[in-house]
Amino acid sequence: MDSLGDTSGMSSSAVPVCSSRCLLSPLSRSLSRSGKSILHIDPNNYYGGADAAFSLQEAETWASSITAATDNDRGTFKSASITKPDGNTGLSFPRAYTLALSPQVIHARSKLLSQLVSSRAYRHVEFLAVGSFYIFKPTTRSSQKPSLVRIPSTREDVFFTTAIPTKAKRGLMKFLKFVLGYDSEQQLETWQPYADGPLADFLKNEFKMDAELQTYILALTLSLDGLITTRDGLSTIYRHLTSMGVFGPGFAAVYPKWGGISEVAQVACRAGAVGGAVYMLATGIREMEMSGDSIELRLTSGDTVKTRMLVRNDKNAEVGNGVSRLAAIVGSPLKSLFEALVEGAPLPAVAVITFPAGSLMTTSGKAYDYPVYAFAHSSDTGECPVGQSILYLTTSTTPDAKEILAQSLQLLSEAIDADHIPLSLFQMYHEHGRGSVASRPDGSIFNFPDASLSLLFDDSTLEPVHEAWKQVMGEAEVDTDYMTFPDREGVMDDEDMYD
Amino acid sequence: MADQGGSAHGIARASRVRTEEQRKVELDKIAKYRELEDQVRSSVARGDTGPDLFQLTSKLLRLNPEYYTVWNVRRRLLTSGLLSKPSAASSPLTASLTASPTATTTPPSAASSSSSLSATQPSHASPTAGRSGTTADSPVDEAKTSTADATPRAAAVVAVVAGQKKDFDILKSELEFTIPLLLDSPKCYWIWSYRLWLLQQVIDRLSVPVARRVWQEELGLASKMLTRDRRNFHAWGYRRHVVAQLESPRLGGGSMVEAEFEYTTRMIRMDLSNFSAWHSRSKLIPRLLGERGADDSTRKGFLDEELGLIREALNVGPEDQSLWYYHQFLILNLVNPVGHPTLTPAFTLEDRVTYVTREIQDIKELLEDYDDVKLIYEALLEYTLYLGQLQGRKLDGAEKDELAEWLQKLKKLDPMRNGRWTELERECGLVEMESFGN
């Protein structure tokens with residue numbers, strides 16, 4: 001590794017970026033392409049930070065490090081544990097798996113995707129379709145086993161489903177139409193009074209939706225506490241509806257192959273390196289000294305760097321309720337979850353299942369008030385071998401969360417196939433605290449949150465990144481150049497036709 | 001190219017900002033295209049017919065599939081040399097033999113098993129030719145009965161088989177050539193017409209089983225195009241043409257009505273708003289019921305199902321005209337039995353009245369949630385008038401009140417056609433005629 005010990009070897013306009021998680025990697029790449037000297041360091045010895053994806057070995061190492069860490073070092077993760085049954089379960093070798101720490105799906109109309117396109121990074125990421133969204137239905141008097149019901153979100157879905165009575169279908173259609181025009185003046189008047197209250201109330205009062213229909217709509221928002229506001233809820237559902245069919249019939253969201261968002265981070269890092277940014281893993285900031293408008297950083301590698309601007313993720317603050325996650329590798333392809341239901345649609349690689357708030361009971365007999373969300377990933381994601389799948393379950397952290405997740409896993413397996421309940425080969429549980437929001441404590445330092453806990457990629461997290469870019473670029477900034485890179489010389493799509 | 005001028009006054013450039021480099025690249029492309037075009041022109045002028053010219057047309061057509069003259073050049077190259085001469089194929093002796101690429105070329109006398117030779121119709125079959133399969137004079141029989149001149153006969157057979165194989169390869173390759181062009185320009189007439197010409201060549205030159213397989217693949221392609229753009233009515237028309245060919249005796253076909261009906265169901269599931277799919281469906285139903293040998297009770301059941309289907313569709317898409325057209329098709333079937341083919345010939349007047357009345361009731365339910373959709377009021381209006389006509393009576397008071405109400409709504413929702421609504425009000429005796437001079 002080239003020595004960076006000599007500060008004269010590093011221009012004083014270098015911008016160190018700390019942490020290679022999903023948001024910050026494209027930023028460093030973007031700045032590097034715009035001519036800035038970038039040093040990108042990450043205290044982990046892997047890329048991706050809290051958005052990383054691990055092989056089984058890496059997962060075990062990580063879980064141990066979380067358990068062994070002191071409160072100061074641990075950051076926002078805790079209570080990581082791994083269980084796997086003994087004996088020959090059919091678990092393949094560790095590198096055959098890629099477990100995503102913070103799985104997310106991305107709406108087709110998400111700004112992230114348009115940035116990936118304009119920055120040409122899309123070429124290196126393979127996107128898979130996220131197919132059906134389901135609601136979990138527990139056992140009732142009339143049905144002996146739990147089941148999954150598909151949530152209809154297009155007119156054709158509503159037409160085809162037998163799960164909703166005729167009149168309720170009309171109500172649902174009226175709501176879907178409303179959402180498509182929700183930011184028009186007329187619609188605004190209707191929902192403004194409910195803007196900061198729960199979406200559920202708006203649905204009940206203005207659209208006369210019963211509890212069941214409300215859960216269908218709420219499930220599309222993947223809201224962790226089930227209490228998403230009307231303003232945020234309508235915006236999310238609008239994005240879902242308008243994303244439908246954008247990249248092909250039958251799906252509204254995508255998932256990057258080989259570990260999801262972590263792949264985006266990796267790609268950006270590689271591209272950034274090509275562009276001249278310097279990357280150092282297993283390196284953190286040991287000490288920081290401000291003098292005037294310049295910062296001196298003493299790195300754990302022994303190097304010293306002087307800079308005027310620092311972008312970093314803030315692992316310290318633990319503010320508010322985080323999430324508990326359970327990732328389970330199961331020994332079954334779960335084919336019924338990944339069917340393409342529309343002519344010409346690609347086979348989905350991810351399915352989303354919601355356990356609505358109140359549909360589960362704790363062992364003490366109380367109804368569990370939070371929703372649980374499950375992402376089912378087929379082997380098409382590249383995250384596990386053919387014949388197996390991964391179930392990622394997420395819920396808000398509460399005293400009952402761990403037990404509820406285990407229960408959800410069991411019930412979900414029953415609902416998918418009660419006769420051949422898929423065997424769980426490996427499980428990883430952890431808790432992830434909610435970090436701070438993006439901030440800028442003083443002119444030269446930008447703090448970014450450790451991770452987004454959202455299950456749907458949240459476009460609003462891109463704004464602080466853009467802000468940071470603008471500040472770093474200063475006068476040289478040309479806004480239209482942000483995340484827009486022309487092709488490098490010699491790389492054009494249709495040249496060969498003219499030879 | 002004209003100089004774009006300096007930006008002396010800092011005026012922002014309009015939309016297409018090209019760098020000097022990009023402009024140069026485009027100029028290069030144009031020059032290359034022109035050169036290619038010149039090469040083709042001069043080659044044709046010289047009377048060339050070789051593979052070089054053929055390659056040139058490939059290049060040029062990839063860049064510009066709309067250049068129909070070049071398609072004609074390519075066609076001429078095929079018929080004047082690349083494809084086998086018609087005389088070889090129309091040998092009355094053996095007609096066509098199975099020309100699959102793996103066909104053997106052993107003389108018929110040697111191969112007594114009929115697995116390598118199956119008698120099929122001659123390539124220029126008479127219209128009364130039967131399906132593919134055995135005919136009275138199979139080449140095996142002929143070969144056996146005329147062993148005296150087996151050698152020239154065998155040679156002719158070999159030539160035919162070889163000719164067919166060559167044609168098959170060429171036509172297949174040509175069809176494949178057009179595919180990427182079609183994907184890029186799905187509505188370019190010249191590409192479609194070239195394909196149709198190729199497919200006709202397939203019928204003319206190849207054996208029935210082979211030709212059939214090619215046309216079946218064509219159906220697959222038509223489906224793919226429709227999946228990409230399901231309201232492309234050119235594609236629907238094309239599909240109907242392909243189906244008609246596959247059903248024809250020329251390709252040894254039978255009715256495909258069931259499969260085509262199921263296809264419309266799949267298309268509707270994909271997109272309710274598919275006018276062409278609903279239209280196709282309506283055209284297929286009479287044939288479908290005929291072929292199924294449906295009796296009266298089956299026909300009633302079928303009508304009930306279709307009404308149920310369209311009602312579900314209208315329940316979620318009442319603003320969609322294509323759905324109302326299909327509903328109207330079903331209603332007219334009930335209302336106009338005299339002189340028109342009907343799905344339910346056994347229905348009595350009472351049956352028809354019951355059905356129409358029920359439809360009107362169901363549509364009124366839609367008003368509970370959709371009170372500003374003009375097509376609903378139009379349908380109610382029309383069907384109420386039909387009911388009166390069916391029963392040969394004038395509208396009663398209650399009906400007149402309803403009609404008046406609906407017409408008021410229509411005037412608000414569809415003011416551009418106020419003339420029509422006012423006219424209807426008068427016709428139904430809903431308004432007093434104004435006396436002039438008051």
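Below, chain A is the first sequence line, B the second, and so on; all start at residue 1.
- Among residues 177-191 of chain A, the residues having any heavy atom closer than 4.5 Å to a heavy atom of chain B are, in sequence order, A:K177.
- Between the side chain of B:N315 and the backbone N or O of A:T166 there is at least one donor-acceptor pair closer than 3.5 Å.
- Environment of CZ in A:F160: sparse, with no more than 12 heavy atoms of neighbouring residues, nucleotides or ligands closer than 6.0 Å.
- Sorted by first and then second residue, the salt bridge (charged side-chain N to carboxylate O under 4.0 Å, His left out) pairs involving residues 207-220 of chain A (not counting sequence neighbours) are A:K137-A:E212.
- Atom CZ of B:F177 is surrounded by more than 12 heavy atoms from other residues, nucleotides or ligands within 6.0 Å.
- Under the 4.0 Å criterion applied to side-chain N and carboxylate O atoms, A:K167 and B:E365 are not assigned as salt-bridge partners.
- The number of heavy atoms from other shown groups lying within 6.0 Å of NZ (A:K204) does not exceed 12.
- Taking 4.0 Å as the cut-off between side-chain N and carboxylate O, B:R269 and A:E156 do not count as a salt-bridged pair.
- Considering only heavy atoms from C-beta on, B:P318 stays 4.5 Å or farther from A:R170 through its side chain.
- The line from CG of B:L272 to OG1 of A:T154 is 8.5 Å long, rounded to the nearest 0.5 Å.
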Task: Derivation and outcome, side chain to side chain contact (heavy atoms under 4.5 Å, CB included), residues B:D369 and A:M173 - done: CA-CA 10 Å; B:D369 293 289; A:M173 285 310 300; over 6 Å; no
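- Heavy atoms of other residues, nucleotides or ligands lying less than 6.0 angstrom from NZ of B:K364 number more than 12.
- Within a 6.0 Å radius of OH in B:Y68, no more than 12 heavy atoms belonging to other residues, nucleotides or ligands are found.
- Contact of A:F159 with chain B is made through backbone and side chain together, with heavy-atom distances under 4.5 Å.
- Residue contact with chain A, scored on non-hydrogen atoms closer than 4.5 Å, is absent for B:E35.
- Neither the backbone nor the side chain of B:L36 comes within contact range of chain A; no heavy atom of the residue lies under 4.5 Å from a heavy atom of that chain.
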